[in-house]
Amino acid sequence: DFVPFLRGESKVYKLYQMVTIDNDLKINAETNYEQEILAYTLKKQHKYDEALALYENLYYNQNIRNIAIANNLANLYYLYDEDARAEDIYKNLFYKDRGEPYFNLALLKLKNIEYLKAGEYMEEARKRNFMSMSKEPVDIMPETKKFYNLIITGKVNSRDPIKLIFLLP
């Protein structure tokens, strides 16, 4: 564990560890971006209640409607059998050119024995070049390009939306 020693107590690096190596670190996510990364990580660790609380805060209270947050929140509703809520969110994402919401809604329709609708949504996912063998809804990762660039280089471009607070322990 020499790399964490080199990175010190950087919150960004701890989030990176949680995402990449399923580390059980406890992070107090302060910014919306930190909350998004943490929610994604908690969901991957099957800590659904904690992830749901973060995703709902981002989506409903902070009014952040990016495709990753919305899709992953809908996936949690799918897991909790809140099908109407999941379907509403998936359908609100149809204006995006991503196939995951169509695929996930197709799975929801299959679960509810609506085969014709499931086939239609699966075809829409394929039209957007998305295919998966998953039997569970597919999550969308948070925007990671700037996050990983920061981890690797330790540098922040002043025009990037990543705040300097990420660099402070």
Side-chain angles (χ1 to χ4, degrees), residues 11-20 22-112 114 117-118 120-122 124-125 127-132 134-151 160-166:
K11 186 184 291 186
V12 173
Y13 192 74
K14 287 180 181 179
L15 285 168
Y16 168 79
Q17 285 182 301
M18 288 180 71
V19 172
T20 58
D22 199 23
N23 197 317
D24 198 25
L25 294 170
K26 299 295 180 203
I27 302 285
N28 181 25
E30 297 167 1
T31 68
N32 291 338
Y33 186 68
E34 290 173 348
Q35 288 181 30
E36 182 180 359
I37 297 287
L38 183 58
Y40 179 80
T41 301
L42 290 168
K43 185 171 183 304
K44 291 298 177 194
Q45 294 176 353
H46 304 285
K47 296 176 182 175
Y48 300 132
D49 291 337
E50 295 172 64
L52 181 64
L54 286 168
Y55 277 128
E56 285 181 331
N57 176 56
L58 291 167
Y59 189 80
Y60 295 112
N61 300 335
Q62 303 299 322
N63 204 31
I64 299 174
R65 304 294 168 98
N66 76 44
I67 191 164
I69 290 172
N71 181 77
N72 298 348
L73 174 61
N75 290 350
L76 284 166
Y77 288 148
Y78 174 100
L79 292 173
Y80 281 111
D81 292 323
E82 294 185 37
D83 296 345
R85 292 176 87 178
E87 183 171 350
D88 286 344
I89 293 174
Y90 290 139
K91 285 183 175 179
N92 285 334
L93 296 174
F94 285 176
Y95 71 93
K96 305 283 187 180
D97 198 30
R98 299 276 305 247
E100 292 92 333
Y102 290 95
F103 176 82
N104 294 337
L105 185 53
L107 291 180
L108 181 69
K109 294 299 181 180
L110 281 174
K111 179 174 103 171
N112 293 323
E114 297 178 44
K117 279 289 189 190
E120 291 171 10
Y121 290 126
M122 222 31 108
E124 288 298 322
K127 286 179 184 176
R128 286 157 181 79
N129 296 317
F130 183 82
M131 291 183 281
S132 175
S134 177
K135 295 178 184 176
E136 298 292 325
V138 176
D139 287 334
I140 298 175
M141 288 182 61
E143 173 63 42
T144 57
K145 183 177 180 181
K146 292 176 183 144
F147 177 74
Y148 287 120
N149 187 48
L150 176 61
I151 293 300
D160 286 346
I162 297 174
K163 295 183 179 182
L164 194 55
I165 193 167
F166 280 110

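Computed from a prediction, not measured in an experiment: that's the story for all the values here.
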Can you tell me if Asn75 uses its side chain to pair, donor with acceptor, with the backbone of Val138 under 3.5 Å?
yes
Could you tell me whether the side chain of Leu107 reaches within less than 4.5 Å of the side chain of Lys135, counting heavy atoms only?
no
What pair of heavy atoms forms the shortest contact from Gly99 to Ala125, and how long is it?
O-CB, 3.5 Å
Quick one: does any side-chain atom of Arg85 pair with a main-chain N or O of Ala74 as donor and acceptor, under 3.5 Å?
no
Atom pair OH/CG of Tyr59 and Leu76 - distance to nearest 0.5 Å
13.5 Å
Under 4.0 Å between a Lys/Arg side-chain N and an Asp/Glu carboxylate O for Arg128 and Glu100?
no
Has the side chain of Asn104 got a donor or acceptor atom that lies under 3.5 Å from a matching backbone atom of Asn72?
no
Can you check whether Glu50 reaches Leu38 side chain to side chain, under 4.5 Å on heavy atoms?
no
Heavy-atom pair with the smallest gap, counting every atom of Met122 and Ala106:
CE-CB, 3.6 Å
Within this structure, what is the CD1-CD1 distance for the pair Ile67 and Ile89, rounded to the nearest 0.5 Å?
12.5 Å
For Pro101 against Leu93, the heavy-atom pair lying closest together
CG-CB, 3.8 Å
Tell me whether Lys111 contacts the main-chain N or O of Tyr78 through its side chain, where contact means a donor paired with an acceptor under 3.5 Å.
yes
Can you list the steps and then say if Glu56 with Tyr77 is a side chain to side chain contact (heavy atoms under 4.5 Å, CB included)?
CA-CA 10 Å; Glu56 285 181 331; Tyr77 288 148; 2.7 Å; yes
Yes or no on side chain to side chain contact (heavy atoms under 4.5 Å, CB included) for Glu36 and Tyr40, after CA distance, side-chain angles and deciding distance?
CA-CA 6 Å; Glu36 182 180 359; Tyr40 179 80; 5.8 Å; no
If I take atom OG1 from residue Thr41 and atom CG from residue Leu54, how far apart are they, to the nearest 0.5 angstrom?
10.0 Å
Step by step, work out the side-chain hydrogen bond (donor to acceptor under 3.5 Å, both in side chains) result for Tyr55 and Asn71.
CA-CA 10 Å; Tyr55 277 128; Asn71 181 77; over 6 Å; no
If you measure from CG on Leu52 to CG on Leu42, what distance do you get to the nearest 0.5 Å?
11.0 Å
Ion pair present between Glu114 and Lys117, side-chain N to carboxylate O less than 4.0 angstrom?
no
Does any non-hydrogen side-chain atom of Arg98 lie less than 4.5 Å from one of Phe103?
no
To check you understand the geometry: which heavy-atom pair defines the closest contact between Asn32 and Gln62, and what is its length?
OD1-CG, 3.7 Å
With rounding to the nearest 0.5 Å, note down the distance linking CD1 in Ile140 to NZ in Lys96.
9.5 Å
Using a 3.5 Å distance criterion without hydrogens, assess whether the side chain of Asn57 forms a donor-acceptor pair with backbone atoms of Ala53.
no
Pair Asn63, Leu58 - check side chain to side chain contact (heavy atoms under 4.5 Å, CB included), show working.
CA-CA 6 Å; Asn63 204 31; Leu58 291 167; over 6 Å; no
Spacing of Asn112 atom CG and Asp81 atom CG [to the nearest 0.5 Å]:
8.5 Å
Parallel, tilted or perpendicular: which fits the ring planes of Tyr102 and Phe94, with parallel below 30° and perpendicular above 60°?
parallel
